[in-house]
Structure formats: C-alpha cells, structure tokens
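Taking it in order: structure first as structure tokens, then the write-up.
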Amino acid sequence: MCYNASDKRQKRNKKIAKKAPSTWQLLAWCGNVGINFVASLCVGIFIGRCSDDYLRISPLGTIVCTFLGFVVALLSTYKLMKRNNLW
C-alpha cells in the first residue's frame, strides 16, 4: 500500500486532535485547581507556623513552608493539566 504525504498528514492530525472539554468540565477543573491551590498554601502556612512555635525560629519556618506550599500547588496544577489534556 502506498501512502502519499497528505494521507500521512491526515492520520497524524487525527491522532493529535483533542476533544474540546465542555463548559461544565472546565468549570469543575477550575474549581479543583482553586481548591488544590488554597489547600496547599494553607497546609504550608500551618506547618510553617507549627515549626516556628516548636523550633522558635519565628518568621523563617512560615516563609519556607509557604514557599514550599506554593511550589506544591503549582506542581499539582501542572499534573491536573496534563491529566486532563489541557497542556
């Protein structure tokens, strides 16, 4: 069987084409991202405050753990985007 370039291109485009998510799916995804972001930051702040009280290193623990919470929030958002084919 002999294929020309346009047949190969059409097959490749069909593989690449993504199904667009519905409006409700996008709203659910945005809510999930928001909850993950806020939860990660709150957990980071809570752990930072507890480490400040326990280790008596007043602002350092909160700053470091808040930054780590922010990084975790970004990574979880990236994973959600990859899982839902939005990236």
Side-chain heavy atoms nearer than 4.5 Å, only ILVMFWY residues, links allowed to pass through others: does that put Val72 and Phe46 together?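 No; Phe46 is not reachable from Val72 via cluster members.
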
Under 4.5 Å side-chain heavy-atom separation, chaining through any Ile, Leu, Val, Met, Phe, Trp or Tyr, what else clusters with Trp24? Say none if it is isolated.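 Leu27, which link up through side-chain heavy atoms under 4.5 Å apart, make up the rest of the cluster.
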
Could you identify which residues cluster with Leu41, counting Ile, Leu, Val, Met, Phe, Trp and Tyr as linked when any side-chain heavy atoms lie under 4.5 Å apart, either directly or through a chain of such contacts?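 Once heavy-atom contacts under 4.5 Å are chained together, Leu41 belongs with Phe37, Phe70, Leu74.
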
Contacts of Val71 that satisfy side-chain contact (heavy atoms from CB on, under 4.5 Å) - sequence neighbours left out: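 With neighbours one apart ignored, the set is Phe67, Leu75.
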
Checking Val33 now: which residues fulfil side-chain contact (heavy atoms from CB on, under 4.5 Å) with it, not counting sequence neighbours?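 Scan of Val33 (side-chain contact (heavy atoms from CB on, under 4.5 Å), adjacent residues dropped) gives Trp29, Thr77, Leu80.
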
Please find the pair of heavy atoms, one from Gly69 and one from Ser40, that lie closest to each other, and give the distance.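 Here Gly69 and Ser40 meet closest at O-CB, 3.5 Å.
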
Could you tell me the separation between the CG atom of Asn32 and the CZ atom of Arg83, rounded to the nearest 0.5 Å?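 Nearest 0.5 Å value for the CG-CZ distance: 7.5 Å.
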
Working to the nearest 0.5 Å, report the span between SG of Cys65 and CD1 of Ile47.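 One gets 6.0 Å once the value is rounded to the nearest 0.5 Å.
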
Would you list the pairs meeting side-chain hydrogen bond (donor to acceptor under 3.5 Å, both in side chains) in which at least one residue belongs to residues 48-59, sequence neighbours left out?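 Those involving residues 48-59 are Asp52-Thr62.
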
